[in-house]
Amino acid sequence: MNAENLFQRSIEDKESFWKDQAQGIDWFQFPSQILSKDENNYTQWFSDGRLNMCYLCIDKHINDGHGEQIAVIYDSPVTEQKKTYTFNQAKEEISKLAGGLVSLGLKKGDTAVIYMPMIPQTLFAMLACARIGVIHNVVFGGFAPHELVVRIDDCKPKALITATAGVEIAKRIPYLPLVEKAIALAQDKVENIIVFNRKLADNQHEMFDGLVDYEELVQQSETADCVSVESTHPLYLLYTSGTTGKPKGITRDTGGYATALKFSMKYIYGVEPGETYWAASDFGWAVGHSFSVYGPLINRNTTVIFEGKPIMTPDAGTFWRIISEYKVSVMFTAPTAIRAIKKEDPNGELVKKYDLSHFKKQFLAGERCDVATLDWFAEHIGIPAIDHWWQTESGWPMLGLMTFNGNYTIKRASAGKQIPGYDIKIFDENGYELDPHHEGYLVIKLPLPPGALLGIWNDHERFQSSYLSQYHGYYFSGDGAIKDEDGYIFITGRVDDVINVAGHRLSTSEMEEIVSSHPDVAECAVVGIDDDLKGQIPFAIVVLKNGSIISEEDVEKDIVKNVREKIGAVACLKNVMTVTRLPKTRSGKILRKLIRTLLDKKDFQIPSTIDDEKIIEEIQQKIIEYRAEKRN
Ligand code: COA
Ligand code: AMP
């Protein structure tokens, strides 16, 4: 069957198509009901099926005789450590950690927050939760305590699993002070705080009262078996930025997700069980969940946990070193990582040092990939770099190429074609489908396929208003796009307040809330502007309150610090420009798109609704002055 037939069947005969795919994984009870509705009349897949995700990722392979295959490779140039775990070894630690969680009172349906760096114990913690039906929420280690508090308050975890520190090149990020601050600010007490002590020589910690030592817990506990959960039982919550300051708890099911991941590994990535597959993403992002942990392990691939950066750890050859050392056949990263490497090693000198003969395919996602980066990759690496598009919400690719039979054609700058299950249309404002080559909103006809979000945790109304209310019967992606006559789709960027900074999804509204809370700020706008390395970076423009005496430099310093403290360094807000007024429509709406265009020095049309055209020149003049000052 070719990609086209697979797609047609997935849309025209969806129940039988996905039933066939579900047969690709092991169920404790195979579902008799394939597609049904939940109490909110929203789609659920395989509702009466029962299974366990940890079983699929670990125990099944041992039962099939692959216990001695390496499941996990940990490579940490920042701590000079390398370690491997077979499926047997992983099971030992995961099942004992799961037993430890049970001994602390955790049970199916409880939630646990995991706030940890790129170490194997993070993966073990995720799988230990899955083993006993505890719903995990992994929080990216680069987020500040405030972000942790928001998640703790929303999902009310019974345990928080953390580590003593993260390592950012030469910098240590001590987690315990951050955790201590977060739990002090959280509405409810977190009953159990489990800490993996990394015992880094230069990072010793005072443990505070009431902490449980991860290693002691594992050593002292009995193993726990995999519990059977319903297909629709939430495996995890993953919070992502939306158009308000409050992140959305994307809720993922178990059975649909497992089916979709198995399908992805086989048909999209075209990777065989036993091969090494590496997604160089932090566990805290959707890619980390789907393709550093669950996808490769379900497919019996060896997965790589890399604690480092594409550059400087120790140099821009580190990706190629890993690919060569572990015979990685398929890799997945964000374009920003390749751009960082290209900048450091424009002529690909470091590439030549390594044997990349096992490396078959490079997948890219998370942000738009520029053609210059694709060209650099083609010239120096010489294998296909395949862009594909998805979101935290989908959990697996929605646009891409089906590479399983080698029969695919890349169109540069396109994120590919619609993946089976995703009936994608490009709509205009009024919900009419646009002809090829016209830019519009990317929407997906409901029902979404297995694996896509179940909803937003405890907030069905927000789920409706964020995704389902714009066009009746369609999921609204929040991205703009253009389709061509061959069905290839080109993503043109977000149509809302979400930006992508170095592959990290962030909300400008959330930043605006922090900026406007500064006592001297009357109003502000934060927009994402183009950046050669990170794709986009935020830029704030502020109007100060009348009578305010703070200097422009000081307000900038304060705001940069506040955003770092509240969201984290990953927000990368470095520029705050003070103006006397913001460009607005006659009805008082801030013209953010115009601000962005002016900052990017792009051509623009004066919006017909603008209140006063003279402001454009004012802002342009201010940008010139601000940038000149920054250079000095
Ligand atoms: N914990 C603590 N701090 C973190 C962090 C973490 N896990 N990740 C990043 N930070 C900090 C960095 O140290 C840096 O701090 P600084 O401003 O004090 O120097 C800041 O956040 C910005 O980090 P980042 O945007 O990552 O920039 P960078 O210069 O450190 O690295 C790249 C640039 C391109 C190499 C890096 O962003 C990268 O690899 N991106 C890929 C992202 C990705 O895989 N996304 C998943 C989707 S596919
Ligand atoms: P996240 O939920 O963090 O995965 O971010 C999802 C968003 O990243 C999408 O809505 C897009 O705006 C952007 N994105 C992801 N992949 C691509 C891609 N291949 N090309 C362009 N934008 C992308």
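From a predicted model like this one, the values you see are computed outputs, not experimental measurements. As the structure lists them, so they are numbered: ligands from 1, and atoms in each ligand from 1.
- For Arg564, every heavy-atom contact with ligand 1 shorter than 4.0 Å involves the side chain, none the backbone.
- Under 4.0 Å from ligand 1, the heavy atoms of Pro310 that appear belong solely to its side chain.
- Checked by distance only, ligand 1 and Lys309 come closer than 3.5 Å through their nitrogen or oxygen atoms.
- Assignment of Phe140 to the shell around ligand 1 is supported, since a heavy atom sits closer than 4.0 Å.
- At a 4.0 Å cut-off, at least one heavy atom of His504 sits close enough to ligand 1 to count as contact.
- Judged by the 6.0 Å distance and 45° axis criteria, Arg321 is not positioned over the aromatic ring of Tyr354.
- Numbered from 1 in the order shown, with element, the atoms of ligand 2 that lie under 4.0 Å from a heavy atom of Thr392 read 1 (P), 2 (O), 3 (O), 4 (O).
- Taking a cut-off of under 4.0 Å to the non-hydrogen atoms of Asp387, the atoms of ligand 2 that pass are 18 (C), 19 (N).
- Checked against the 6.0 Å centroid threshold, His388 and Phe332 count as a close aromatic pair.
- The shortest N/O to N/O separation between Glu168 and ligand 1 falls below 3.5 Å.
- Side-chain rings of Phe140 and Phe283 stay apart, their centers remaining 6.0 Å or farther from each other.
- Where the criterion is an N or O separation shorter than 3.5 Å, residue side chain and backbone included, Lys534 meets it with respect to ligand 1.
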- Item | Stepwise ring pair (Phe, Tyr, Trp, His ring centres under 6.0 Å) test for Trp457 and Phe463 | CA-CA 9 Å; Trp457 186 246; Phe463 176 47; over 10 Å; no
- Query: What's the verdict on salt bridge (Lys or Arg N to Asp or Glu O under 4.0 Å) for Glu565 and Lys561, showing C-alpha distance, side-chain angles and the deciding distance?
  - Reply: CA-CA 6 Å; Glu565 276 174 12; Lys561 182 166 157 276; 3.7 Å; yes
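- Counting heavy atoms closer than 4.0 Å to ligand 2, residue His504 contributes nothing at all.
- Near Ile491, the atoms of ligand 2 lying under 4.0 angstrom from a non-hydrogen atom of the residue are 21 (C), 22 (N).
- The shortest N or O to N or O distance between Ala280 and ligand 1 is below 3.5 Å.
- If you look at Trp285 next to ligand 2, there are no close heavy atoms at all, none under 4.0 Å.
- For atom 12 (O) of ligand 2, the nearest non-hydrogen atom of the protein is Asp479 OD1, 2.8 Å.
- Assignment of Cys572 to the shell around ligand 1 is supported, since a heavy atom sits closer than 4.0 Å.
- Ligand 2 lies within reach of Gly366, whose nearest heavy atom is under 4.0 Å from it.
- Remark: ligand 1 and Lys171 share an N or O pair separated by less than 3.5 Å (distance only, no angle test).
- Ligand 1 has Gly503 within reach: a non-hydrogen atom of the residue lies less than 4.0 Å from it.
- Contact annotation for Leu399 and ligand 2: no heavy atom of the residue comes within less than 4.0 Å of the ligand.
- Looking at Ser477 next to ligand 2, no N or O pair under 3.5 Å apart turns up.
- Interatomic distance, CD1 of Ile381 versus CZ of Phe359, reported as 7.0 Å (0.5 Å rounding).
- Neither the backbone nor the side chain of Arg339 has a heavy atom within less than 4.0 Å of ligand 1.
- Looking at Ala279 against ligand 1, nothing comes within 4.0 Å, counting heavy atoms.
- Judged by the 6.0 Å and 45° rule, Arg151 forms a cation-pi pair with Phe143.
- The environment of NZ in Lys181 is sparse: at most 12 heavy-atom neighbours from other residues, nucleotides or ligands sit within 6.0 Å.
- At a distance under 4.0 Å, no protein heavy atom can be found next to atom 33 (C) of ligand 1.
- If you look at Val570 next to ligand 1, the close heavy atoms, those under 4.0 Å, come from the backbone and the side chain alike.
- Residue contact check: Arg494 has heavy atoms under 4.0 Å from atoms 9 (C), 10 (O), 12 (O) of ligand 2.
- Distance screen at 4.0 Å: atom 36 (C) of ligand 1 has no protein heavy-atom neighbour inside the cut-off.
- With ligand atoms numbered from 1 in the order given, ligand 2 contributes 16 (N), 18 (C), 19 (N) to contacts under 4.0 Å with heavy atoms of His388.
- Ring centroid separation for the pair His289 and Trp285 does not come in under the 6.0 Å cut-off.
- Nearest non-hydrogen protein atom to atom 1 (N) of ligand 1 is Gly142 CA, 3.3 Å.
- Taking the six-membered ring for Trp, Phe427 and Phe476 have ring centres at least 6.0 Å apart.
- Within 6.0 Å of NZ on Lys445 lie no more than 12 heavy atoms contributed by other residues, nucleotides or ligands.
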- Item | Intermediate values then yes/no, salt bridge (Lys or Arg N to Asp or Glu O under 4.0 Å), Arg339 and Asp370 | CA-CA 9 Å; Arg339 282 199 295 270; Asp370 53 289; 3.0 Å; yes
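- For Ile311 against Ala340, the heavy-atom pair with the smallest separation is CG2-O, 3.6 Å.
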